[in-house]
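Remember, it's a predicted structure, so these values are computed and weren't measured experimentally.
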Amino acid sequence: VAAWLYGVISPKQIFSYSSLLSFSATAALLVILPNIASQFSAKDENKKILEKAARFIKEYFLQSLKITFCVTLFTLPVILAMLHMVTPFGFLMNVVIIPLCAVMLSAGLWRLAVFYILPASVSSLFYDQALWLWEKLMPLIALFGDTPWLTINVPPFSVFAVLVYYLAIAFFALYCKTGERLHRDIFLCLVLVLCSHAFKPPAYDDALRVTALDVGQGDCFVMRSDLGPLWVMDCGRTTGNSSKGETVAVPYLRNLGIQKIDCLYISHYDDDHMGGAKDIISGIRTKTIVAPPVMAFETNGWELMRLAEKL
């Protein structure tokens, strides 16, 4: 229904990152989850109260694992195509966040329903505790999200790889549902095709390539070769709450599958040349920073020195 409304009102929105992510996650819950649910169900026929409670917790945890697993499988190509990066730690956090979101949503609806009828201590039951846990988890999630070495940058991939990937998921779901050996064999063959396509040896080129990124006023150059180090010279300027490092340089490097910058060279400390340094350093693991001596009045230079000390 949402896709149909988007197509009528604003067709371009169908291909936005948020829409593709939402549609692929919904498809995972509708198509894949029912087929694999029986493979991971908790089996316990005990009738005692404590054992029934333990069974409920176990099934709830398994359900969260199944939802996270299915949504991660289906949305992975969308995330890689849009962000060119993946965070393995994200799967583990989703195991915690998805059940917590369900608890917060349920507690919030309960609070709205009885807010004017029951005392605040009753209407806020579970909601305040879930909100407290959420506030404690957010800094941890932000910390891991801003740590470059916990992310894997992925270069562009072909439509063929995406088709093979989703075919493999389809046959995996069929195998979970039917248990037929043919479905399993086709699934394994598709996985082998996908692996051979993803891990084929690259064609190395020792030529030096210099790319000038369009950062408006200022400079940002990327110098690299397949067999040598990667240098970034200058970082563009800051623009409001973001910078050209965040909006231009980091997406470009992630699109290339770059995991590490060997040297970040800053020519001088004007904002249009080093304004994006912080975002580049936080977005891509940076090994070395080369910059001129800092004068007493150059606040940007001293900020860069503080960043360099944390490398």
Next on the checklist: Run L304 and I289 through side-chain contact (heavy atoms from CB on, under 4.5 Å) and show every step you take.
Outcome noted: CA-CA 9 Å; L304 181 65; I289 297 177; 4.2 Å; yes
Checklist entry - Are L188 and I169 in one and the same hydrophobic cluster, where Ile, Leu, Val, Met, Phe, Trp and Tyr link if side-chain heavy atoms are under 4.5 Å apart? => result yes
Checklist entry - Rounded to the nearest 0.5 Å, how far does OG1 of T211 lie from CE of M223? => result 10.0 Å
Next on the checklist: If I take atom CD1 from residue I280 and atom CG from residue L307, how far apart are they, to the nearest 0.5 angstrom?
Outcome noted: 11.5 Å
Item to check | Trace of the side-chain contact (heavy atoms from CB on, under 4.5 Å) decision for V294 with E298 | outcome: CA-CA 6 Å; V294 184; E298 291 176 319; 4.2 Å; yes
Item to check | All ring pair (Phe, Tyr, Trp, His ring centres under 6.0 Å) counterparts of F221, not counting sequence neighbours | outcome: none
Checklist entry - S243 side chain to G245 main-chain N or O, any donor-acceptor pair under 3.5 Å? => result yes
Checklist entry - CD1 of I258 to OH of Y252: how many Å apart, nearest 0.5 Å? => result 8.0 Å
Checklist outcome for this item: Here the gap from D262 atom CG to R285 atom CZ, rounded to the nearest 0.5 Å, amounts to 9.0 Å
With a cut-off of 3.5 Å and sequence neighbours excluded, list every side-chain donor-acceptor pair involving residues 264-275.
residue: S267; atom: OG; partner: D234; partner atom: OD1; Å: 3.1
residue: S267; atom: OG; partner: D234; partner atom: OD2; Å: 2.8
residue: H268; atom: NE2; partner: D270; partner atom: OD2; Å: 3.4
residue: Y269; atom: OH; partner: P292; partner atom: O; Å: 2.4
residue: D271; atom: OD1; partner: T238; partner atom: OG1; Å: 3.1
residue: D271; atom: OD2; partner: T238; partner atom: N; Å: 3.3
residue: D271; atom: OD2; partner: T238; partner atom: OG1; Å: 3.1
residue: D272; atom: OD2; partner: Q217; partner atom: NE2; Å: 3.4
residue: H273; atom: ND1; partner: D234; partner atom: OD2; Å: 2.8

Checklist entry - Hey, are the side chains of K278 and E246 touching, using non-hydrogen atoms and a 4.5 Å cut-off? => result no
Next on the checklist: Quick check: F187 with Y175 (ring centres under 6.0 Å apart)?
Outcome noted: no
Item to check | Stepwise side-chain contact (heavy atoms from CB on, under 4.5 Å) check, W231 with I261 | outcome: CA-CA 6 Å; W231 283 52; I261 297 173; over 6 Å; no
Next on the checklist: Side chains of F160 and V193, heavy atoms from C-beta outward: is any pair under 4.5 Å?
Outcome noted: yes
Checklist outcome for this item: Across all chains, not counting sequence neighbours, the salt bridge (Lys or Arg N to Asp or Glu O under 4.0 Å) partners of K287 are none
Item to check | L230 side chain reached by V232 side chain, heavy atoms, under 4.5 Å | outcome: yes
Checklist entry - Considering all heavy atoms of both residues, which atom of G236 and which atom of C220 are nearest to each other, and what is their separation? => result N-CB, 4.2 Å
Checklist entry - Any sub-3.5 Å donor-acceptor pair from W302's side-chain atoms to F297's backbone N or O? => result no
Item to check | Inter-residue atom distance K244.NZ - L213.CG, 0.5 Å rounding | outcome: 11.0 Å
Checklist entry - Counting only N and O atoms by type, is there a donor-acceptor contact under 3.5 Å from the side chain of T178 to the main-chain atoms of C176? => result no
Item to check | Side-chain heavy-atom pair I284, R254 within 4.5 angstrom cut-off | outcome: yes
Checklist entry - Is the shortest heavy-atom distance from the side chain of P77 to the side chain of Y166 under 4.5 Å? => result yes
Checklist entry - Is there a side-chain contact (heavy atoms from CB on, under 4.5 Å) between L174 and F171 once you walk through the steps? => result CA-CA 5 Å; L174 285 174; F171 279 99; 4.2 Å; yes
Checklist entry - Do L76 and L163 share a hydrophobic cluster (ILVMFWY, side-chain heavy atoms under 4.5 Å, transitive)? => result no
Checklist entry - Is V164 close to V191 at the side-chain level, that is, under 4.5 Å between some pair of heavy atoms? => result no
Next on the checklist: Would you say V159 ends up clustered with Y165 if hydrophobic residues are merged whenever their side chains have heavy atoms under 4.5 Å apart, either directly or through other cluster members?
Outcome noted: no
